[in-house]
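Report on the following structure.
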Amino acid sequence: MQAMIDAVIPALGDAMSTVGVKGDFWRNMLGRSKESSQGDLALPCFPFAKQLDCSPNEAASRIADALELDIGEAVAVGPYVNIRASLSWLSNQINREPQSKGSILIEHTSANPNGPFHVGRARNAVLGDTFVRMHRAAGYDVTAEYYVDDMGKQVGILCWALENLDHERVHALLDEGGISSETSPHSEKQDHARVLWYQAANLLKAQDATVDSGVTELVQLSEEANADVLNRFESSYQPVLDGMLQTLGRMGINFDSFTKESRFIVDGSVEIVMEKLQSSELHGVAENGAHYLELESKGVKGKSTQFFYRRGDGSSLYATRDLAYHQYKWTQSDRLLNILGEDHKLQSRQVGIALDELGIKPPEVVFYAFTKLADGKMSTRRGNVVYMDDLLDEAQARALETVRESKPDLSEEKLVEIAEAVGISATRFNIARISPEKGITFRWSDALSLEADSAPFIMYSYARACSIQRKAGVVDAAFEFDPNLLEGSAAALIRRLAYMDDELQTAIDSRSPHNFCAWLSALAVDYNRFYRDNYVIDDDGVNAQNLYISELAREHIRRGCEAVGIIPIEEM
RNA sequence: GGGCGGUUAGGGUAGUCUGGAUAUCCUGACGGGCUUCGGACCCGUCGACGCGGGUUCGAAUCCUGCACCGCUCACCA
């Protein structure tokens with residue numbers, strides 16, 4: 001749409017001066033039409049009426065008459081000028097070579113490696129990976145980054161538990177605390193096995209003070225970069241992290257780089273950051289020697305406006321290491337994007353201000369609201385969770401039922417493969433299609449829905465197009481596409497395809513992957529309508545033009561699926 | 001108490017930044033079509049902007065008050 005606005009503005013400028021409108025305030029009044037039947041762009045003419053001393057309707061028709069467009073036509077309808085792009089102009093917008101758009105490092109997920117992935121954490125991963133994919137599809141050079149929290153309390157508790165509790169003790173504690181210690185179908189995965197130790201230690205903490213003191217000691221040593229403790233931490237969490245990454249990999253979510261938090265203690269950069277902050281005008285020191293920045297003058301409000309970055313004992317805090325981490329990330333990429341839960345909003349703002357004090361550019365951030373269960377918040381510690389591994393298994397099982405019904409002659413192996421693709425895609429799409437700032441209440445029925453505004457609908461359209469291609473063969477090289485002859489659903493489909501790059505870029509810029517998901521669904525609907533009205537293969541054989549259009553749509557659906565993490569399969 | 005987000009048909013959801021013509025899409029209910037290129041399809045009807053003021057020719061959109069929900073205000077991560 002932006003390309004079209006850019007193409008229309010000069011001609012519209014001429015028309016405005018012809019009819020006598022002064023200024024250029026009309027430039028950002030040009031908006032997208034609400035109804036496609038009214039064209040692509042619309043210009044409301046109420047404000048011109050006064051200037052031209054005529055009615056809005058009259059202003060609209062004068063402007064429409066004066067407007068000479070080479071990309072389409074303009075018609076006055078009531079007080080609006082509606083502009084419709086020609087099909088030939090639109091089809092020239094299709095399949096443009098993507099230009100290189102520079103590098104971006106997207107940090108997402110970065111969950112504490114203390115237990116299996118649950119559906120709350122999944123929103124970060126799905127959203128983050130969707131951003132990664134959309135940026136790649138649009139021509140950015142993307143690094144997908146996972147920040148490994150390899151020190152601090154969570155990992156400390158896990159390590160302490162593994163070193164101090166045996167199997168019997170763990171199960172006794174869990175039984176007593178009302179947390180299920182049943183063997184899950186995934187108990188061979190270390191994230192599922194070890195989370196029980198983590199949960200048990202959290203329960204024991206309430207009744208036995210030696211847990212806290214033990215953990216605190218470990219954490220302190222880790223913050224002093226004690227190599228022995230960091231190694232013990234790593235052997236505690238790495239198998240858990242591997243299990244989590246296995247789950248993510250199953251969902252098609254992979255990372256290019258992992259950075260450990262401890263790195264910034266070990267290499268001394270945190271210490272340097274803390275020293276630099278002392279020269280900030282915001283710097284202050286508490287009674288016991290702790291250092292902070294006073295952020296009140298920066299507009300931070302609340303009970304406390306102090307941002308502590310050094311404890312009384314001289315050690316750093318998580319947020320301090322985050323500063324060093326961002327400094328490091330800027331050496332890796334032109335742009336930085338973080339995907340964070342809304343609980344990190346204040347923290348992120350504080351870090352942004354502190355970075356600014358250090359002369360380091362703050363990252364861009366996307367926040368998302370929480371996913372909660374119908375009966376409350378999710379918590380790994382308390383065992384009130386739905387694990388992703390279980391959700392994915394269930395999604396696959398449900399999809400398998402459907403696939404088996406519609407494709408009884410396929411091999412069991414093939415059926416499972418299709419069901420897995422459908423289950424994964426549906427699960428991801430059900431998260432990605434919701435606006436990030438909106439809260440989600442997890443319900444099995446919604447999460448597993450295979451109908452409606454769903455991934456399988458899009459996948460089915462793709463499979464259908466693939467099937468047609470298999471029967472019709474490739475487009476004849478001699479065929480020349482003439483979009484001007486198209487009408488109805490075929491024209492609507494071309495129109496939809498023409499906006500793909502625009503929709504993708506807009507979704508990236510406005511950080512609304514859900515809008516691109518909606519575009520993709522709409523494309524699938526348009527393809528189904530085209531399919532209904534136009535035969536690629538009929539009694540006379542293959543219709544070259546319809547095959548050409550079908551293939552164009554197929555390619556775009558495939559690209560769209562890859563950009564949102566739907567697995568495009570050729571048969572389902 | 002302060003800050004930040006949310007509230008749109010029975011359920012879910014887009015649009016709010018940048019005010020504009022009939023508020024998007026799915027589901028649901030009701031009715032219809034095609035069903036020899038793959039029916040996990042297509043078409044029609046019904047049904048919603050939390051409440052109250054204000055600004056404007058015009059408000060879901062901007063301002064303001066209120067209500068409800070979520071997050072947050074650590075020398076935790």
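What's counted below: heavy atoms across the whole structure, side chains too, no hydrogens, waters or symmetry copies. Protein chains get the first letters and strands the later ones, always in sequence-line order, with residue 1 at the start of each. What you are looking at is a predicted structure, and each value in this text was computed from that prediction instead of being measured.
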Worksheet item: Between A:Tyr531 and A:Arg464, is there a cation-pi geometry (under 6.0 Å to ring centre, at most 45° from the normal)?
Response: yes
Discussion item. If you go through the side-chain atoms of A:Asn114, does one of them form a donor-acceptor pair with the base of B:A77 closer than 3.5 Å?
Written reply: no
Practice prompt. With sequence neighbours left out, write down each residue that passes ring-ring contact (aromatic ring centres under 6.0 Å, His included) with A:Tyr146, or none if nothing qualifies.
Written response: A:Phe255, A:Phe258
Discussion item. Rounding to an integer number of angstrom, what distance separates B:C66 and B:A77 when you compare their C1' atoms?
Written reply: 37 Å
Worksheet entry | Derivation of the side chain to side chain contact (heavy atoms under 4.5 Å, CB included) call for A:Arg428 and A:Ile566 | CA-CA 7 Å; A:Arg428 287 188 60 140; A:Ile566 291 175; over 6 Å; no
Worksheet item: In whole Å, what separates the P atom of B:A48 from that of B:U16?
Response: 22 Å
Worksheet item: At under 4.0 Å, does any side-chain N or O of A:Lys301 touch on OP1 or OP2 of B:U72?
Response: no
Worksheet item: Hey, is the side chain of A:Arg32 poking within less than 4.0 Å of OP1 or OP2 on B:G20, counting only N and O atoms?
Response: no
Worksheet item: Which value, in whole Å, describes the distance between the C1' atoms of nucleotides B:U8 and B:C26?
Response: 15 Å
Worksheet entry | Sugar-phosphate, base or nothing in reach of A:Glu223, heavy atoms under 4.0 Å | sugar-phosphate
Practice prompt. Please determine if a side-chain N or O atom of A:Arg433 lies less than 4.0 Å away from the OP1 or OP2 oxygen of B:A14.
Written response: no
Item to complete: Compare side-chain N and O positions of A:Lys471 against OP1 and OP2 of B:G38 and report whether any pair is under 4.0 Å apart.
Response: yes
Discussion item. Between B:C30 and B:U24, how many Å separate the two P atoms, rounded to a whole number?
Written reply: 23 Å
Item to complete: If B:A67 has a Watson-Crick or G-U wobble mate with both distances under 3.5 Å, name it; if not, just say none.
Response: B:U7
Worksheet entry | A:Arg321 bridged to A:Glu223 by N-O distance under 4.0 Å | yes
Item to complete: Between A:Ala319 and A:Arg443, name the one whose nearest nucleotide on RNA chain B is closer to the 5' end.
Response: A:Arg443
Item to complete: Please determine if a side-chain N or O atom of A:Lys438 lies less than 4.0 Å away from the OP1 or OP2 oxygen of B:G70.
Response: no
Discussion item. Less than 4.0 angstrom between a side-chain N/O of A:Arg464 and OP1 or OP2 of B:A40, yes or no?
Written reply: no
Discussion item. Categorize A:Ser550 for me: base, sugar-phosphate, or nothing, with a 4.0 angstrom heavy-atom threshold over every strand shown.
Written reply: nothing
Discussion item. Parallel, tilted or perpendicular: which one describes the rings of A:Trp444 and A:Phe442, with boundaries at 30° and 60°?
Written reply: perpendicular
Practice prompt. Rounded to whole angstrom, note down the C1' distance from B:G15 over to B:G2.
Written response: 31 Å
Worksheet item: Watson-Crick or G-U wobble partner for B:G1, using a 3.5 Å limit on both distances?
Response: B:C73
Worksheet item: Are OP1 or OP2 of B:G15 and a side-chain N or O of A:His514 less than 4.0 angstrom apart?
Response: yes
Worksheet item: Rounding to the closest angstrom, what is the interatomic distance between B:C17 and B:G10 at atom C1'?
Response: 31 Å
Discussion item. I'd like to know if the side chain of A:Asn543 and the backbone of A:Asp538 have a donor-acceptor N/O pair within less than 3.5 Å.
Written reply: no
Discussion item. Would you say A:Asn515 places a side-chain N or O within less than 4.0 Å of OP1 or OP2 belonging to B:G15?
Written reply: yes
Discussion item. What contact category does A:Ala472 fall into here, base, sugar-phosphate, or nothing, at under 4.0 angstrom with non-hydrogen atoms?
Written reply: nothing
Worksheet entry | Face-to-face stacking of A:Tyr531 with B:C41, centres under 5.5 angstrom, angle under 30° | no
Response to the item:
The Watson-Crick or G-U wobble partner of B:G20, with both key distances under 3.5 Å, is B:C57
Worksheet entry | C1' spacing across the pair B:C69 / B:G50, given as an integer number of angstrom | 11 Å
Practice prompt. For A:Ser304, answer base if it contacts any base atom (sugar-phosphate contacts may also be present), sugar-phosphate if it contacts only those atoms, and nothing otherwise; contact means non-hydrogen atoms under 4.0 Å.
Written response: sugar-phosphate
Worksheet item: Are the ring of A:Phe370 and the six-membered base ring of B:G70 within the stacking cut-offs of under 5.5 Å and under 30°?
Response: no
Discussion item. What is the distance, to the nearest angstrom, from the NE2 atom on A:His344 to the P atom on B:G70?
Written reply: 20 Å
Discussion item. Counting the atoms with a prime plus P, OP1 and OP2 as sugar-phosphate, which does A:Val403 contact under 4.0 Å by heavy atoms, base, sugar-phosphate, or nothing?
Written reply: base
Practice prompt. Measure distances between side-chain N and O atoms of A:Tyr460 and base N and O atoms of B:G38, and say whether any donor-acceptor pair falls under 3.5 Å.
Written response: yes
